[in-house]
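Remarks on the structure that follows.
The chains referred to below are lettered A, B, ... by the order of the sequence lines, with proteins before strands, and numbering in each begins at 1.
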Amino acid sequence: MLDAKFVRDNIQVVEEALCRRRSKVALDGFVALDRKRRDLVVKAEELRAERNAASEEIGRLRREKKDASSLMEKMKEVGARIKEMEAGLPELEGRMEEAMLSIPNIPDPSVPEGAGEEDNPTVRTWGTPPPFSFPVRDHVDIGADLGILDFERAAKIAGARFCLSMGAGALLERALINFMLDVHTREHGYLEVLPPFMANSASFFGTGQLPKFEEDLFKVAGTDYYLVPTAEVPVTNIVRDEILPGERLPLKMTAYTPCFRAEAGSYGKDVRGMIRQHQFNKVELVKVCRPEESGAELESLTADAEDILKKLGLPYRVVTLCTGDMGFSSAKTYDIEVWVPSQNRYREISSCSNFTDFQARRAKIRFRDSATGKTRLAHTLNGSGLAAGRTVVAVLENFQQADGSVVVPEVLRPYMGGMERITRR
RNA sequence: GGAGGGGUACCGAAGUGGCCGUAACGGGGUCGACUCGAAAUCGACUUGGCGGUGCGAGCCGCCACGUGGGUUCGAAUCCCACCCCCUCCGCCA
């Protein structure tokens, strides 16, 4: 959510930002609506001030055993007028709120303008796609052949877009998760947290998934809970409604969670394999920092995620999402894309975003600036570090051998009981 | 699921219709005094949001006692609904 005051005073800046984002949100009438609301608020406040003064007077008179009935009579009327004033407020405030909640974040000036995915410039590339002297197979075939992935039985248990890993497949994914958490906590200085895998609607409002994107979520029937689509939700909300001591920033947290996504509107997209699932495992990185530092913190967060791919030896590139491709709450996003041999292209494996104060304003995440003693909104960031399911895909496909086996990356071997190669059982 | 207790500031806690919300009392914190320095002691200051006004330090007002409604001239206090926490019982990994 943007600052209503900022929107009011900088309506053209916001309109221009919406235009750059290719967003269709209309700000028509916003200023007039806000004007109307503030007029009402001021009038109601004046009346309340009058009533407060009179009530005090009534109290004084009664203590002195004097008559206050005429004043009380008068205030009865004032009370009615206050009610009248306030009656119109909820509707106006509701419309304001709705307008504010539907405005996306303003893109950082460094974000390139563009319409969609095809306009995302590549920032850097690491490694080279491996050459294969034999026909490349995709992870579904590799996994089935090795007996470690079973999509048919997953469909029996749950349905389409679910995966069942077994044996070395299950071990590989668990090893990846442990490896990622260890690197981030031991080498990158993140605090490991293990949060709830469901969260209440207030948390989802805080990070911006609600109210706009409810159809992407799984709601637990009969409750106020939703399954988390990313650890961003429970982890960022750890500090919701808090004023943090300035010297404790930046907060750096990493969390493993399964992620649940309804994937509404993605019918026919990535239907094969474990690229796009209703449930997948992910290790997330979350930061809460001072506004001055969020730009640099995004760079280091992205580098922390990249480090995992480097250590695994998986080729990747980093792209900047252009204005038309960015998420609703983000001011700047880097996508890290890993090489997927069977598709002969790079696929997203991590998305690292700086939300500036957009989530912090919604979630009321503030800190006390020790220099001024004043409270300020913090900046929040997060990124996948990494999506474990897609990392399994990348490992299986990039390290596949002519004989159908898969070589285990060196750094994972200690996590897999020394296993050097996944072979058919 | 049943029974009971509770949610007030940074923490503990008092307050049960006006004299109580920058909110008693205790603790903590910050600054100052004393001291060679410290401890102890003494003093001052320590919630957040919204709106108006001003170039500004500021000044003025409104709101907030878990949340949302209601009663009343006036609600932390009375009424209704909901949320959360704690204790005991039941069930349970």
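Within a heavy-atom distance below 4.0 Å of RNA chain B, the residues of residues 46-53 of chain A found are A:Arg48, A:Ala49, A:Arg51, A:Asn52. Contacts between residues 235-247 of chain A and RNA chain B, defined by a heavy-atom separation under 4.0 Å, are made by A:Ile243.
Using a cutoff of 4.0 Å between basic side-chain nitrogens and carboxylate oxygens, A:Arg81 and A:Glu46 are not scored as salt-bridged. Salt bridge present: A:Arg22 and A:Glu113 bring a charged side-chain N and a carboxylate O closer than 4.0 Å. Between A:Arg35 and A:Asp39 there is a salt bridge, since at least one side-chain N of the basic residue sits less than 4.0 Å from a carboxylate O of the acidic one. The residues A:Arg272 and A:Asp141 are annotated as salt-bridged, a charged nitrogen and a carboxylate oxygen being separated by less than 4.0 angstrom. Between A:Asp369 and A:Arg290 there is a salt bridge, with a side-chain nitrogen of the basic residue lying less than 4.0 Å from a carboxylate oxygen of the acidic one. With respect to A:Arg276 and A:Glu263, a salt bridge is recorded, a charged nitrogen being found less than 4.0 Å from a carboxylate O. Using a 4.0 Å cut-off between a side-chain N of Lys or Arg and a carboxylate O of Asp or Glu, A:Glu293 and A:Lys287 do not qualify as a salt bridge.
In terms of modelled atom types and a separation under 3.5 Å, the side chain of A:Glu173 and the main chain of A:Ala170 share no donor-acceptor contact. With A:Thr375 contributing its side chain and A:Arg368 its backbone, the two residues share no donor-acceptor pair below 3.5 Å. Side-chain atoms of A:Arg21 come within 3.5 Å of backbone atoms of A:Asn105 as a donor-acceptor pair (strictly under, hydrogens ignored).
Rounded to an integer number of Å, the gap from A:Arg248 CZ to B:G29 C1' is 16 Å. Remark: P of B:C50 and CZ of A:Arg37 are 10 Å apart, rounded to the nearest angstrom. Atom C1' of nucleotide B:C50 and atom CZ of A:Arg38 are separated by 12 Å, given to the nearest angstrom. Between the C1' atom of B:C73 and the CD atom of A:Glu57 lies a distance of 12 Å, rounded to the nearest Å. Put simply, NZ on A:Lys74 is 15 Å from P on B:G74, counting in whole angstrom units. Atom pair A:Leu40:CG and B:G51:P shows a separation of 14 Å (rounding to whole Å applied). We find that CG of A:Leu377 is positioned 9 Å from P of B:G49, with the value rounded to whole Å. Following rounding to the nearest Å, A:Glu45 (CD) and B:G52 (P) show an atom-to-atom distance of 9 Å.
The partner of B:A14, taking Watson-Crick or G-U wobble pairs whose two distances both stay under 3.5 Å, does not exist in any strand shown. In this structure, B:A75 forms no base pair with any nucleotide, since neither Watson-Crick nor G-U wobble geometry is met with both distances under 3.5 Å. Pair assignment for B:G1 gives B:C89, based on Watson-Crick or G-U wobble hydrogen-bonding distances that are each under 3.5 Å. Base-pair partner of B:A33: B:U41 (Watson-Crick or G-U wobble, both distances under 3.5 Å).
Candidate nucleotides B:G49, B:C73, B:C62 were compared by shortest atom distance to the side chain of A:Ser55, and B:C73 ranks first. Side chain of A:Ile58, nearest nucleotide from B:G49, B:C73, B:G51: B:C73. Minimum atom distance to the side chain of A:Arg8 is reached by B:G51, of the listed B:G49, B:G51, B:G18. The side chain of A:Thr375 lies closest to B:G49, out of B:G51, B:G49, B:U47.
Inspection of the A:Tyr256 and A:Glu192 side chains reveals no N or O donor paired with an N or O acceptor under 3.5 Å.
Rounded to whole Å, the C1' atom of B:A93 lies 28 Å from the corresponding atom of B:G5. Rounded to the nearest Å, the gap between the C1' atom of B:A76 and that of B:A13 is 14 Å. Comparing B:G18 with B:U41, their P atoms are spaced 37 Å from each other, to the whole Å. Separation of the P atoms belonging to B:U16 and B:G54 is 44 Å when rounded to the nearest angstrom. Taking atom C1' in both B:U77 and B:G17, the straight-line distance is 6 Å, to the nearest Å. Comparing B:C45 with B:U53, their P atoms are spaced 31 Å from each other, to the whole Å. Going from the P atom of B:U72 to that of B:C79 covers 16 Å, rounded to whole Å. Between B:A75 and B:U67, the distance separating the two P atoms is 16 Å to the nearest Å.
Contact annotation for A:Lys83: backbone-only contact, meaning every heavy-atom pair under 4.0 Å involves sugar-phosphate atoms and none involves a base. Within the nucleic acid shown, A:Lys5 comes within 4.0 Å of sugar-phosphate atoms alone, with no base atom in reach, counting heavy atoms only. Using a 4.0 Å heavy-atom criterion, one finds that A:Met72 contacts the bases of the nucleic acid, with or without backbone contacts as well. Contact annotation for A:Val42: backbone-only contact, meaning every heavy-atom pair under 4.0 Å involves sugar-phosphate atoms and none involves a base.
Between B:G48 and A:Arg368, a contact under 4.0 Å exists linking OP1 or OP2 to a side-chain N or O. Between A:Arg366 and B:G49 there is a side-chain N or O to OP1 or OP2 distance below 4.0 Å.
A residue-by-residue look at A:Gly79 and A:Val41 shows that A:Val41 has its nearest nucleotide of RNA chain B further toward the 5' end.
Here the straight-line distance linking atom CG of A:Leu377 with atom CZ of A:Arg362 works out to 13.0 Å at 0.5 Å rounding.
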